[in-house]
Amino acid sequence: KHLIQVINPNTNIAMTHTIAEAARSVAAPSSEIVAVCPTQGVESIEGHFDEAIAAIGVLEQIKRGKEQGVSGHVIACFGDPGLLAARELADGPVIGIAEAAMHVATMVATRFSIVTTLPRTVIIARHLLQQYGFEHHCAALHAIDLPVLALEDGTGLAQMKVRERCIQAMKEDNSGAIVLGCGGMANLARELTAELGIPVIDGVTAAVKMVESLIALGLGTSKHGDLAYPNKKPLSGCFDMLS
Ligand SMILES: O=C(O)C[C@H]1NC(=O)NC1=O
């Protein structure tokens with residue numbers, strides 16, 4: 001069995017379970033999902049400040065995963081926090097859910113829309129579109145204008161808003177696919193795809209299958225060049241945990 005570590009970079013346990021369930025729903029029999037979240041950090045990631053905090057927790061979990069002998073890692077937050085730093089530490093593949101969902105969307109449609117949570121995090125998705133080279137593939141970005149943890153409050157309001165925005169995107173954007181812009185939306189994609197008749201893509205499940213593919217291809221993170229292990233130096237204070 002290959003252990004695949006799925007990291008929820010926020011510390012919300014309910015969302016970690018939502019993410020874990022989605023990951024396990026698509027994992028191959030040869031894969032075992034190890035779902036984790038940081039021991040310390042921020043309960044939801046809703047901007048650049050939160051991302052900076054979450055990235056440290058991601059690195060701590062990557063280190064722990066390596067020690068456990070995992071074969072690959074998923075960063076299950078739509079900002080892909082700490083992705084390249086995590087790749088410096090990791091031997092196996094590290095895939096972010098935004099990266100995974102965007103790549104998959106370009107394989108099934110010429111243009112896609114993104115539906116995320118807060119308006120203020122749309123800029124993070126925009127930056128990723130630029131970084132990954134998908135700016136011209138994304139027709140529009142929509143926000144349900146609810147906090148990330150509204151997805152775990154049990155009222156169903158956030159889920160209803162996601163559905164509404166997906167229907168609006170389908171009508172207005174002339175996109176062939178929709179990307180769900182939050183790890184906490186991972187359990188909505190299949191049902192929305194069936195109901196709306198348009199590929200609605202979740203990055204958690206997409207990333208799990210990409211990690212499995214890379215493992216099957218015998219590909220880990222390159223250690224040749226700028227993703228080599230970090231240069232050895234003493235880390236002081238709380239960062240000692242990353243030594
Ligand atoms: O940016 C967002 O709205 C979603 C992002 N924040 C979070 O805590 N998990 C996520 O996937």
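Start at 1 and go down the list; that is how both ligands and their atoms are numbered.
Among Ile45, Leu151, Asp50, the residue whose heavy atom lies nearest to atom 6 (N) of ligand 1 is Ile45.
At a heavy-atom distance under 4.0 Å, only side-chain atoms of Asn10, from C-beta outward, approach ligand 1.
Less than 4.0 angstrom separates some heavy atom of Thr116 from each of these atoms of ligand 1: 2 (C), 3 (O). The contact set between ligand 1 and Thr121, taken as ligand atoms under 4.0 Å from a residue heavy atom, comprises 1 (O), 3 (O). Those atoms of ligand 1 with a heavy atom of Gly183 less than 4.0 angstrom away are 10 (C), 11 (O). For ligand 1, the atoms closer than 4.0 angstrom to any heavy atom of Ser44 are 8 (O). For ligand 1, the atoms lying closer than 4.0 Å to a non-hydrogen atom of Gly181 are 2 (C), 3 (O), 4 (C).
Closest to atom 4 (C) of ligand 1 among all protein heavy atoms lies Cys182 SG, 3.5 Å. In this structure, the protein non-hydrogen atom closest to atom 2 (C) of ligand 1 is Thr117 OG1, 3.5 Å. With respect to atom 5 (C) of ligand 1, the closest heavy atom belonging to the protein is Cys77 SG, 3.6 Å.
Contact annotation: Val148 has at least one heavy atom less than 4.0 Å from an atom of ligand 1.
Residues Val122 and Thr116 meet the side-chain proximity criterion, which asks for heavy atoms closer than 4.5 Å. At a threshold of 4.5 Å between non-hydrogen side-chain atoms, the residues Met210 and Ile215 do not count as touching.
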task = Check the pair Ile13 / Cys37 against side-chain contact (heavy atoms from CB on, under 4.5 Å), numbers first and verdict last.
result = CA-CA 8 Å; Ile13 300 302; Cys37 69; 3.8 Å; yes
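For the pair Arg64 and Glu67, the salt-bridge criterion is not met [side-chain N within less than 4.0 Å of a carboxylate O].
Closest approach of Lys66 and Val70 over heavy atoms only: N-CG2, 4.3 Å. The two residues Tyr229 and Leu89 have their closest heavy-atom pair at CE2-O, 3.7 Å. The two residues Val74 and Ala207 make their nearest non-hydrogen contact at CG1-CB, 3.7 Å.
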Can you give the donor-acceptor pairs under 3.5 Å from side chains of residues 138-159 to other protein atoms, not counting sequence neighbours?
unit_1	atom_1	unit_2	atom_2	d
His142	NE2	Asp173	OD2	2.5
Glu152	OE2	Thr18	OG1	2.6
Asp153	OD1	Thr155	N	2.7
Asp153	OD1	Thr155	OG1	2.8
Asp153	OD2	Thr155	OG1	3.4
Thr155	OG1	Leu157	N	3.1
Gln159	NE2	Leu151	O	2.9

